[in-house]
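Remember, predicted model here, so these are calculated numbers, not experimental data. Proteins get letters first, then strands, A, B, ... in listed order; numbering begins at 1 in each.
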There are 2 protein chains.
Amino acid sequence: MFVRTTDPLLRPNSLRALGMSSGSDPIVRLNEITYKKGKEIYGEKEPAEYVYQVKTGAVRSYKLLSDGRRQIGAFHLAGDIFGLENGTTHRFTTEAVVDTTVLLIKRQSLETVAESDAMVAKNLLGMTTTNLQHAEDHMLLLGRKTSLERVAAFLIEMDKRLTAAGVLALPMSRRDIADYLGLTLETVSRAISHLHELGVLGFVGNTQRQIILLDRHQLASLDLQP
Amino acid sequence: MFVRTTDPLLRPNSLRALGMSSGSDPIVRLNEITYKKGKEIYGEKEPAEYVYQVKTGAVRSYKLLSDGRRQIGAFHLAGDIFGLENGTTHRFTTEAVVDTTVLLIKRQSLETVAESDAMVAKNLLGMTTTNLQHAEDHMLLLGRKTSLERVAAFLIEMDKRLTAAGVLALPMSRRDIADYLGLTLETVSRAISHLHELGVLGFVGNTQRQIILLDRHQLASLDLQP
DNA sequence: CGTACGGTTGACTAGCCTCAACCAGAGTGG
DNA sequence: CCACTCTGGTTGAGGCTAGTCAACCGTACG
C-alpha cells in the first residue's frame with residue numbers, strides 16, 4: 001500500500017513531489033506549522049485553502065452528528081497528505097492528536113499546476129484514489145466486522161504504518177480508536193485486554209499506551225479479510 | 001449533489017462527456033451490454049478493463065468477508081458511472097440488481113486520453129471525488145447511526161436519486177438494503193414498518209416494494225446530519 | 001396448482017453500550 | 001516533597017438495540 005523509504009516525507013506521494021512539475025523544478029514553497037495536541041487544524045465546511053502533509057505527530061479527521069456522536073474517518077501519520085479536497089470546502093474537521101508539525105501548500109497553486117501538468121494531475125488522482133480505497137475498506141469494517149475483528153484490523157493497520165522495532169506506540173487515545181472503529185472506548189479496552197489474555201500482544205512497562213505485538217499471524221487470523 | 005436533467009445519460013459527468021476531448025470530438029466508441037437480474041458484471045480483484053455507465057436498471061457493488069458477510073458500498077442507478085478504478089484491478093464485485101443495460105468504454109482508451117487532455121483528467125478526478133465523498137458520508141452512517149436513522153437516510157438518498165412522482169420504486173431487496181446499511185433484513189423491515197406506523201410513509205397497493213413518502217420533512221428529521 | 005421468493009412479524013438471544021467504580025501516572029501547587 | 005487533581009485506562013453489572021431463528025403470508029411464476 002505505501003512505499004517504504006527511510007524518510008516518509010520523501011516517498012513518491014509527498015507534497016514536495018506533488019508540487020514538482022514533470023521537469024522536476026520545485027514550483028511551490030512549503031511552509032511549516034506546529035499545532036499543540038488537541039488543536040483544530042481546520043473545520044468541516046471551511047474553505048479549503050491549503051493541502052497538508054504531516055511532518056511529525058498525528059492528525060485525526062472526523063465528522064460529527066448534531067448530538068455529538070463522532071466518526072473518525074482517518075488518522076494521518078508522518079508522511080501522510082490530508083486536506084486534499086476537490087471542491088472548495090473541507091469535508092472533515094481535523095485536529096492534532098499529539099503535538100504535530102505539518103507542511104502546507106496553497107491548494108490554488110496546486111490546481112493551476114495540475115491544469116497544465118499531466119504528471120501533477122495524475123498524482124492528485126492517485127492520492128484521491130488511495131483515500132477512496134481506505135474509505136471503502138473501512139465501510140466493510142464498520143458495516144460488517146465484530147468488535148474484536150475491528151480492533152485486530154486497527155492494530156494491523158497501525159503496525160504497518162508506525163511500528164518501530166516491534167513496538168506500537170499509539171499516539172491516539174482509546175476514545176479516538178473507538179470513534180474510528182464505530183465502537184465505545186470500553187469495548188475497545190475490553191478487546192485489547194482480550195487480545196492480551198490470548199497472548200497476541202503485550203505491554204511495555206505498566207503503561208498500556210505502548211503495545212507489543214507478540215503474534216502478528218494470530219492477530220491477522222482474527223481479522224477476517226476477503 | 002447531482003445535476004438534474006431530463007436524461008440522466010446526458011448530464012455533465014456522463015461517459016460520453018468523459019470520452020470527449022476538450023475540442024468536443026467524440027474519441028471513443030460506446031458499447032452496450034444487458035445483464036439479467038443477479039448476474040455479475042465483474043468480480044473483485046479482476047483486471048479493470050472497462051468503465052461502465054448504467055443506462056437502465058440498477059447495480060450493486062460490494063465486498064465479501066470469507067464467511068459470507070457482505071457490505072454493499074454503493075448502488076448505481078441510471079446515469080451513474082462505476083468501475084472507474086485507478087489501479088488495474090476492481091476493488092468491488094458488481095452485480096445487476098434487476099435487468100440492467102450498461103454502456104461501456106475501454107479503461108485504457110480513457111487513460112491515454114487523460115494523459116494529454118486536462119479536461120478529461122479533471123473529470124476523472126471529479127468522479128473519484130464524488131465516490132470518495134459518498135464513502136465518507138457512509139462511514140458516518142455505518143459507524144454512528146441507529147437503525148432507524150440509517151433507513152431514513154437510505155430512503156432520503158433514494159428519493160433524491162430515483163423518485164418518480166412521489167413514489168419510490170425500490171429496485172433492490174430488503175437484503176440488499178440491509179447489506180448496504182450494515183443491518184439485517186429483519187431490522188430494515190421493522191424500521192420501515194415503524195416509519196409506516198409513524199405516518200411518514202405509505203405503500204402502493206398491497207406490495208411494499210413501492211413506497212410513498214408522505215412526510216419528507218419528518219423523515220429528514222429522523223436522520224441526524226451535521 | 002404448487003412452489004419459490006421476498007417480506008413481515010414474533011420470541012428470544014447476544015453483543016455492544018451505559019453507567020459507575022476504581023486505578024495508575026502525570027502535572028501542579030503549597 | 002507530598003497531597004491534590006486530572007486524565008486516560010480498566011473492569012464490572014445491568015440494560016438495550018439489533019441479531020437470530022422461526023413461523024407465516026402474499027405474490028409471482030413455472
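- Residues satisfying the side chain to side chain donor-acceptor pair (under 3.5 Å) test with B/Thr34, not counting sequence neighbours, are B/Thr101.
- Here D/dT10 presents its C1' atom at 15 Å from CG of A/Leu195, a figure rounded to the nearest Å.
- Considering only side-chain N and O atoms, A/Ser193 lies under 4.0 angstrom from the phosphate OP1 or OP2 of D/dT11.
- In this structure, B/Arg190 does not reach the C/dT8 phosphate: none of its side-chain N or O atoms is under 4.0 Å from OP1 or OP2.
- A/His76 is linked by a side chain to side chain donor-acceptor pair (under 3.5 Å) to A/Ser61, counting only residues two or more places apart in sequence or in another chain.
- Residue A/Thr187 has its side chain nearest to C/dC17 when only C/dT9, C/dT8, C/dC17 are considered.
- Checking A/Leu185 against A/Arg144, the closest nucleotide of DNA chain D that is more toward the 5' end is the one next to A/Leu185.
- Among residues two or more places apart in sequence or in another chain, the side chain to side chain donor-acceptor pair (under 3.5 Å) test is passed with B/Thr93 by none.
- A/Thr187 pairs by the side-chain contact (heavy atoms from CB on, under 4.5 Å) definition with A/Ser147, A/Leu183, A/Thr184, not counting sequence neighbours.
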Could you tabulate the donor-acceptor pairs under 3.5 Å formed by side-chain atoms of residues 63-74 of chain B, not counting sequence neighbours?
from: B/Lys63; atom 1: NZ; to: A/Asp137; atom 2: OD1; distance (Å): 3.4
from: B/Lys63; atom 1: NZ; to: B/Arg91; atom 2: O; distance (Å): 2.9
from: B/Asp67; atom 1: OD1; to: B/Arg69; atom 2: N; distance (Å): 3.3
from: B/Asp67; atom 1: OD1; to: B/Arg69; atom 2: NE; distance (Å): 3.2
from: B/Asp67; atom 1: OD2; to: B/Arg69; atom 2: NE; distance (Å): 3.0
from: B/Asp67; atom 1: OD2; to: B/Arg69; atom 2: NH2; distance (Å): 3.0
from: B/Arg69; atom 1: NH1; to: A/Arg144; atom 2: O; distance (Å): 2.8
from: B/Arg69; atom 1: NH1; to: A/Glu149; atom 2: OE1; distance (Å): 2.9
from: B/Arg69; atom 1: NH2; to: A/Glu149; atom 2: OE1; distance (Å): 3.4
from: B/Arg69; atom 1: NH2; to: A/Glu149; atom 2: OE2; distance (Å): 2.8
from: B/Arg70; atom 1: NE; to: B/Asp179; atom 2: OD2; distance (Å): 2.6
from: B/Arg70; atom 1: NH2; to: B/Asp176; atom 2: OD1; distance (Å): 2.8
from: B/Arg70; atom 1: NH2; to: B/Asp179; atom 2: OD2; distance (Å): 2.9
from: B/Gln71; atom 1: NE2; to: B/Asp179; atom 2: O; distance (Å): 3.2
from: B/Gln71; atom 1: NE2; to: B/Tyr180; atom 2: O; distance (Å): 3.1

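- Judged as a side chain to side chain donor-acceptor pair (under 3.5 Å), and not counting sequence neighbours, the contacts of B/Tyr62 are B/Glu95.
- For the salt bridge (charged side-chain N to carboxylate O under 4.0 Å, His left out) test, residues two or more places apart in sequence or in another chain that qualify with A/Arg216 are A/Asp159.
- Taking a 4.0 Å limit (strictly below) on heavy-atom distances, residues 146-157 of chain A reaches DNA chain C at A/Thr146, A/Ser147.
- Ion pairing of B/Arg190 with B/Glu186 is absent here, as no side-chain N (NZ or NE/NH1/NH2) approaches a carboxylate O to less than 4.0 Å.
- The C1' atoms of five pairs define one axis at each end of the helix from C/dC1-D/dG30 to C/dG30-D/dC1, and these two axes lie 30° apart (to 10°).
- In this view, B/Glu32 and B/Lys55 satisfy the salt bridge (charged side-chain N to carboxylate O under 4.0 Å, His left out) rule, not counting sequence neighbours.
- Take B/Asp99 and apply the salt bridge (charged side-chain N to carboxylate O under 4.0 Å, His left out) test, not counting sequence neighbours, and it matches B/Lys36.
- Under the 30°/60° scheme for interplanar angles, the aromatic rings of B/His90 and B/Tyr42 are found to lie parallel.
- The stretch residues 175-182 of chain A has no heavy atom under 4.0 angstrom from DNA chain D at all.
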